[in-house]
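From a predicted model like this one, the values you see are computed outputs, not experimental measurements. In the text below, chain A, chain B and the rest are named by the order of the sequence lines, each starting its count at 1.
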Amino acid sequence: MATVRTRFAPSPTGYLHLGGLRTALYTYLYAKQNAGSFVLRIEDTDQERYVEGAVDAIYRSMRLAGLNWDEGPDIGGDYGPYVQSERKGMYLPYAQQLVEMGKAYYCFCTEARLKGLRAEYEARGETFKYDKHCANLSKEEVQARIAAGEPYVIRQNLPEQGEASFDDALFGHIAVDVSTLDDMILIKSDGMPTYNFANVIDDHTMGITHVMRGSEYLSSTPKYNLLYEAFGWEKPVYIHLSPIMANATRKLSKRYGDPSFEDLMNQGYLKDAIVNYIALLGWNPGDEREYFTLDELTQAFSLKGLSKSPAVFDMMKLRHFNFEYVQKMNTQEFEQAILPWISTVIDPARFDTHRLAELLQPRCEVLSELAERLGFLNEMPEYDLELFFNKRMKTNRETALPVLEALYPLLEQSPVWSEQALHDAVMDYVAQQGCKNGFVLWPLRIAISGWENTPAGAFEIAGLLGREETLRRLRTSMDRLKA
RNA sequence: GGCCCCUUGGUCAAGCGGUUAAGACAUCGCCCUUUCACGGCGGUAACAGGAGUUCGAGUCUCCUAGGGGUCACCA
């Protein structure tokens, strides 16, 4: 059996969106799993839609995701070039060969004529189909008009009737009546091939054995097959993938503000979490496993696990995956990861960021959401004294004052300022008073944090703030309670 | 509209003729607890509808409905 060669062939029209990422991922996994090659090809035959920087963005995203290609524009390979615009000269001979065989023809129809034709069809309520107006021009006439510099395209010459079909590894046999098909353009008037043509030529000349792509190509693949048959080429295995949806009726799309892979990274999601979650949208391993590294995915991936129906992207589940991946980091890694995020609200030099990382990690779902939870550290917030009221702790502003007044000297006199020392001192007091922990700890935490909810308890906060700042805040709070 | 495809809880999904119809996320409740979280335990919740085939159908067939895709000198 021939070596597996797969390809991911994005158009450089923008960032790598999640659907593209998933297609690239599956394509990569399949190649790696079969010890094959994963090829990256840039399909830039539409000069109008080309976006500056898009190619680099695609490289960046794929490398970040770990989807390293074996052949591609930037690293070369035996089947180059890997950018379609650089292959421009390769397509015309194949198209001409098709013309020789009567499977294609030159067409000189103007845009105006086509437009009129379209209007006619529309008026009749029919689907537009090119009328083969140029299909029977004589060879001489064609030569003459080309020589005269008349612009032309080359169209596929479809049979009047019959069936075109192919077999998809996922969807099975797909057949359409050719009478419903249009003589598609193979070579555009600018000399560039259309996707329809380039994809067939390139997949064949690059030795691609398995084609994975979005299901939007499902209904046009039968006519690509006619091309393979005309050339007598072996067809690749087709695997069409259902889309990732934003909701039941809408595909995930940049246009509606749905995030790209890079957007998610910028929002504080971890690449491994994203890749892992995306892998599970439309594929399942057949067992209970949910967490996979790229290598594990390579082992586990199977065409059998692919789903035919569309999958809705669920941000909540991604959050959960991110949480799990955050938990897998060691503290050092996590500390490094959060520094850029938390630095926007606190001065890292003022706090023990290692300890902060320890405290934050078990309650961190998304990195970007950390900063907003630390505001109280930098500066004592102007808080409402009603925060001292807590029904379950049986505390209020009246009970808080005496407790704080008793605690203050204990803390002040603590020989060392550590969480443990503070804990022991305060808990001794609690034991002595015979009250509930919360009766003392609630007001303490409020008094030094000023926030109803904090990502740490009273001792941790006091430790982070340091002796001076803690005592200063305590005094401020007591003064306010007295007033 | 024609053609193609899809249809199990809110979401991802297992299931491949016989199950009390898994699991995960979300949600709800309880426990733990110095707040928020984490964690533990438990609950609610699904075979789109209708005909067939069969002793037996989520699993097979057909119809209907809903949804998606496609009908470009875009990919």
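Thr45(A) has a side-chain polar atom (N or O) that falls below the 4.0 Å cut-off from OP1 or OP2 of A75(B). Proximity of Asn453(A) to the phosphate of U35(B): no side-chain N or O atom is located under 4.0 Å from OP1 or OP2. Contact annotation: Arg289(A) does not reach the phosphate of G23(B) (side-chain N/O to OP1 or OP2, under 4.0 Å). Here Lys188(A) reaches the OP1 or OP2 of A75(B): one of its side-chain N or O atoms lies under 4.0 Å away.
Below 30°, between 30° and 60°, or above 60°: for Tyr291(A) and His320(A) the angle between ring planes is between 30° and 60°, a tilted geometry. A perpendicular orientation is assigned to the rings of His240(A) and Phe166(A), their planes being inclined by more than 60° (bins at 30° and 60°).
Taking atom C1' in both U54(B) and U61(B), the straight-line distance is 12 Å, to the nearest Å. Distance noted for atom P between U44(B) and G10(B): 15 Å (whole Å). With both ends at atom P, the span from C28(B) to A37(B) equals 11 Å, rounded to whole Å. Across G42(B) and G52(B), the matching C1' atoms stand 42 Å from one another, rounded to whole Å. If you take atom P in G66(B) and the same atom in A48(B), they sit 16 Å apart, rounded to whole Å. Separation of the P atoms belonging to C25(B) and C73(B) is 49 Å when rounded to the nearest angstrom. Distance check on atom P: U11(B) versus G49(B) gives 15 Å, rounded to whole Å. Taking atom P in both C31(B) and G18(B), the straight-line distance is 42 Å, to the nearest Å.
Nearest nucleotide to the Arg118(A) side chain, out of A72(B), C6(B), C25(B): A72(B). Nearest to the side chain of Asn284(A), among C36(B), A14(B), C3(B), sits A14(B). For Thr127(A), counting side-chain heavy atoms from C-beta on, the closest listed nucleotide (G39(B), C74(B), C71(B)) is C71(B). Checking G68(B), C25(B), C5(B) against the side-chain heavy atoms of Ile174(A) singles out C5(B) as nearest. With distances taken from any side-chain atom of Leu441(A) to the nucleotides C36(B), U34(B), A72(B), the minimum falls on U34(B). Nearest to the side chain of Phe171(A), among U70(B), C73(B), C5(B), sits C5(B). For Glu288(A), the side-chain atoms get nearest to A22(B) when compared with the rest of A75(B), A22(B), C73(B). Checked against C73(B), G68(B), C5(B), the side chain of Pro243(A) finds its nearest nucleotide in G68(B). The side chain of Glu216(A) has A75(B) as its nearest neighbour among C73(B), U34(B), A75(B). Minimum atom distance to the side chain of Lys308(A) is reached by C6(B), of the listed C6(B), C25(B), C74(B).
Counting non-hydrogen atoms under 4.0 angstrom, Cys109(A) reaches a base of the nucleic acid. The residue Glu290(A) sits close only to the backbone: its heavy atoms come under 4.0 Å of sugar-phosphate atoms, none of a base.
Residues Gln432(A) and Asp428(A) have side chains that never bring a donor and an acceptor to within less than 3.5 angstrom of each other. When only modelled atom types and interatomic distance are considered, Asp202(A) and Tyr91(A) share a side-chain donor-acceptor pair under 3.5 Å. There is a side-chain donor-acceptor pair under 3.5 Å between Tyr105(A) and Asp183(A). Inspection of the Tyr238(A) and Asp167(A) side chains reveals no N or O donor paired with an N or O acceptor under 3.5 Å.
Between the side chain of Arg445(A) and the base of U34(B) there is no donor-acceptor pair of N/O atoms closer than 3.5 Å. Donor-acceptor pairing under 3.5 Å, judged by distance alone, is present between the side chain of Lys317(A) and the base of A24(B). Side-chain N/O atoms of Ser242(A) and base N/O atoms of C6(B) include no donor-acceptor pair closer than 3.5 Å.
For C62(B), the paired base is G50(B) (Watson-Crick or G-U wobble, both distances below 3.5 Å). Figure legend. U33(B) is base-paired to no nucleotide; pairs are counted as Watson-Crick or G-U wobble with both atom distances under 3.5 Å. When both pairing distances are held under 3.5 Å, U70(B) makes a Watson-Crick or G-U pair with G2(B). Base pairing analysis places G42(B) opposite C28(B); the two distances defining the Watson-Crick or G-U wobble pair are each below 3.5 Å. With both pairing distances under 3.5 Å, A13(B) is matched to nothing as a Watson-Crick or G-U wobble pair.
Judged by closest nucleotide on RNA chain B, Val312(A) is the one of Asn390(A) and Val312(A) placed further toward the 5' end.
For the ring pair (Phe, Tyr, Trp, His ring centres under 6.0 Å) criterion with Tyr277(A), the lone passing option out of Phe323(A), Phe261(A), Phe313(A), Trp283(A) is Phe313(A).
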